[in-house]
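Just so you know, ligand 1 is whichever comes first in the structure, and atom 1 is the first atom listed for that ligand.
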Amino acid sequence: MRLSDANLAHLPVTVTQPAYDRSARGIGIVHFGIGAFHRAHQAAYTDDAMAAESGDWRILGVSLRSGNVRDQMRPQDGLYALVEQSADGSKVRFIGSVADVIVAAEERDRLIAALANPTTHIVSFTITEKGYCRAPDGAIDFDVADNISVYAYLAEAFRRRREAGSPGLTLMSCDNLAGNGAQLKRLMIAYLHRHAPELVSWFEEKCACPSTMVDRIVPATTEADRTRTEALTGLRDDAMVVTEPFSQWVIEDNFAGPRPAWEKHGALMTSNVHAYEEAKLRLLNGAHSALAYLGLKRGHEFVHQAIADPELAALANTLMRDEAATSLEHAPGQDLNAYADALIARFRNPALNHRLIQIAMDGSQKIPQRWLATLASQQAKGKRCPSILTAISGWLCHIRGDNGFVDDPLAEILKATWSQAGAHGISAALFTAGGIMGSNWTPSEADLLEIERQL
Ligand code: NAI
Ligand code: CS2
């Protein structure tokens with residue numbers, strides 16, 4: 001029997017269900033990129049908020065590319081199970097905050113109407129790092145943005161809202177980018193300047209783009225996860241997601257209008273997300289990417305296997321504690337050694353089969369904020385980062401094709417650079433000024449040799 005509103009009554013009484021009348025709550029949030037992470041994170045906080053307080057905060061999920069999630073969720077009335085897994089067992093709850101899911105190109109009018117509706121206050125995003133359509137220099141890449149992107153839908157919605165005298169929107173990025181709100185704002189303005197310059201001042205005056213730090217490890221769901229959950233709950237659920245018990249959300253308190261009381265349910269509202277965001281990207285994500293490339297190279301499949309490998313555990317510890325943590329300005333009360341301890345424990349979670357190949361995806365989009373920012377900060381202090389240099393060599397092996405298919409929007413360019421430059425020129429070709437991975441870090445001759453020695 002398939003999960004649906006009508007079938008919730010069949011669930012065992014021990015399973016937590018949405019504690020509010022779903023049909024009585026309207027849509028207040030449109031979310032682009034309704035993948036596994038959104039369902040395990042923001043949708044769960046919003047579910048908690050609606051269970052505790054009144055408020056029309058149901059979510060209309062939007063996919064830009066495929067109909068998979070729509071086909072999983074629509075027959076289930078947007079319901080799904082969130083399964084928290086740890087060594088102590090699993091905890092299942094059903095989330096009710098998602099009202100429906102649409103594919104943007106197939107239901108364009110409905111999407112624009114939802115974005116333009118004055119009762120919609122927040123548009124949020126987990127569209128992956130590449131979804132923001134940035135060229136290697138960080139500017140908007142119109143070749144991509146003019147093809148499939150969120151920007152055109154947003155611009156049309158702004159036009160309607162402005163004409164109708166409706167309030168502005170909050171655009172809230174929940175992707176792993178440094179200064180994700182500021183980046184979204186900058187890119188949106190660049191898009192408007194080219195396609196709808198008359199909307200720039202309306203957007204700047206009426207809309208807000210808070211930055212957020214989001215953290216919860218959410219591996220892609222497997223068929224085995226679905227089968228196990230069906231055995232637990234008695235209902236078939238194609239949209240379920242598996243995660244860890246840990247969850248963190250730090251949000252810049254900068255909203256254009258109302259929002260759910262997420263801070264009453266574990267989120268931290270602050271004027272300064274920056275310190276949290278950089279620590280998370282450089283320690284957690286920096287170590288994750290290193291474990292991914294070097295772990296695959298050493299024949300591991302999952303994060304818990306890579307971190308159980310003493311050589312990789314030592315490297316992840318050095319990367320986090322000696323290289324990333326010391327590159328940061330500490331916020332008051334921030335204990336980055338304790339943070340690194342907690343991260344190692346989370347990576348060790350044996351109940352979470354988090355595939356290294358999932359983390360290895362889209363390296364060209366991830367490495368700047370995970371590794372190159374640390375390298376640049378340390379270079380300014382005259383310090384080198386041997387663990388990150390080793391990790392870079394792991395990535396270069398990956399994009400050479402050592403681990404099979406390279407899933408990266410720049411895969412073709414990276415491959416062409418490899419064939420032109422070869423093992424004795426690849427790191428200089430990519431990372432020095434003018435290379436597609438050029439950044440504020442200027443690799444020294446010794447850095448380049450150190451990377452190439454390990455290829
Ligand atoms: P997913 O693969 O389940 O979902 C990705 C979503 O992004 C899908 O809806 C997909 O259609 C959309 N998307 C992919 N490429 C796109 C593009 N070029 N333009 C627009 N939309 C695009 O992945 P998941 O796990 O939901 O992660 C998504 C993002 O969430 C990550 O890239 C990261 O920035 C953030 N995140 C993920 C965490 C995790 O552990 N899974 C934790 C913290 C943040
Ligand atoms: C991972 C992250 O896929 C990846 O690149 O490093 O998605 C990681 O699981 C999350 O950021 C944890 O919050």
Inset, instruction - Please confirm whether Ala36 comes within less than 3.5 Å of ligand 1 when only nitrogen or oxygen atoms on both sides are compared. - result: yes
Inset, instruction - Show which atoms of ligand 1 fall inside a sub-4.0 Å distance from at least one heavy-atom site of Arg216. - result: 38 (C), 39 (C), 40 (O), 42 (C)
Inset, instruction - Provide, to 0.1 Å, the distance between atom 7 (O) of ligand 1 and the closest protein heavy atom, together with that atom's residue and name. - result: Thr126 O, 3.4 Å
Inset, instruction - Would you mind running through ligand 1 and noting each atom that sits below 4.0 Å from a heavy atom of Gly33? - result: 9 (O)
Inset, instruction - Please write down residue, atom name and distance for the protein heavy atom closest to atom 26 (O) of ligand 1. - result: Phe37 N, 2.9 Å
Identify every side-chain donor-acceptor pair in residues 213-230 under 3.5 Å, counting partners at least two apart or on other chains, and give the distances.
from	atom 1	to	atom 2	distance (Å)
Asp215	OD1	Arg346	NH2	2.9
Asp215	OD2	Arg346	NH1	2.9
Asp215	OD2	Arg346	NH2	3.4
Arg216	NE	Glu244	O	3.2
Arg216	NE	Phe246	O	3.0
Arg216	NH1	Ala40	O	2.9
Arg216	NH2	Glu84	OE2	3.0
Arg216	NH2	Glu244	O	3.0
Arg216	NH2	Pro245	O	3.2
Thr221	OG1	Met240	O	3.0
Thr222	OG1	Ala224	N	3.4
Thr222	OG1	Asp225	N	3.2
Thr222	OG1	Asp225	OD2	3.0
Glu223	OE1	Arg226	NH1	3.1
Glu223	OE2	Arg236	NH1	3.2
Glu223	OE2	Arg236	NH2	3.2
Asp225	OD2	Thr222	N	2.8
Arg226	NE	Asp238	O	3.2
Thr227	OG1	Glu223	O	2.9
Arg228	NH1	Gln85	OE1	3.3
Thr229	OG1	Asp225	O	2.8

Does ligand 2 have any N/O atom under 3.5 Å from a protein N/O, and what are those pairs and their distances?
from	atom 1	to	atom 2	distance (Å)
ligand 2	5 (O)	Lys366	NZ	2.8
ligand 2	5 (O)	Arg370	NH1	3.1
ligand 2	5 (O)	Arg370	NH2	2.9
ligand 2	6 (O)	Asn285	ND2	3.1
ligand 2	6 (O)	His288	ND1	2.8
ligand 2	6 (O)	Arg370	NH1	3.1
ligand 2	11 (O)	Asn176	ND2	2.9
ligand 2	11 (O)	Lys280	NZ	2.6
ligand 2	11 (O)	Asn285	ND2	3.0
ligand 2	13 (O)	Asp215	OD1	2.6
ligand 2	13 (O)	Arg216	N	3.1
ligand 2	13 (O)	Lys280	NZ	3.2

Inset, instruction - Report yes if some N/O of Ser63 lies less than 3.5 Å from some N/O of ligand 1; otherwise report no. - result: no
Legend entry - Shortest protein contact, atom 22 (C) of ligand 1 (heavy atom only): Ile127 O, 3.3 Å
Legend entry - Nitrogen or oxygen of Asn176 less than 3.5 angstrom from that of ligand 1: yes
Legend entry - 4.0 Å protein heavy-atom contact status of atom 15 (N) of ligand 1, strictly under: yes
Inset, instruction - Taking Thr212 for its side chain and Ser173 for its backbone only, find out whether a donor-acceptor pair lies under 3.5 Å. - result: yes
Inset, instruction - Assess the pair His398 and Tyr293: is the distance between their ring centroids shorter than 6.0 Å? - result: yes
Inset, instruction - Answer yes when Glu277 and Lys280 have at least one side-chain N-carboxylate O distance shorter than 4.0 Å, and no when they do not. - result: no
Inset, instruction - Could you tell me whether Ile217 and ligand 1 have an N or O pair separated by under 3.5 Å? - result: no
Legend entry - atom 10 (C) of ligand 1 within contact range, any protein heavy atom under 4.0 Å: no
Legend entry - Side chain Glu450, main chain Pro386, donor-acceptor under 3.5 Å: no
Legend entry - Salt-bridge criterion met for Arg110 and Asp100 (N-O under 4.0 Å): yes
Inset, instruction - Take atom 4 (O) of ligand 1 and look for protein heavy atoms under 4.0 Å from it; say yes if you find one, no if not. - result: yes
Legend entry - Distance filter under 4.0 Å to Asp175 heavy atoms, resulting ligand 1 atoms: 29 (C), 30 (O), 31 (C), 32 (O), 33 (C), 34 (O), 35 (C)
Inset, instruction - Give a yes or no on whether the backbone of Ala256 and the side-chain of Thr170 come within a donor-acceptor separation of less than 3.5 Å. - result: yes
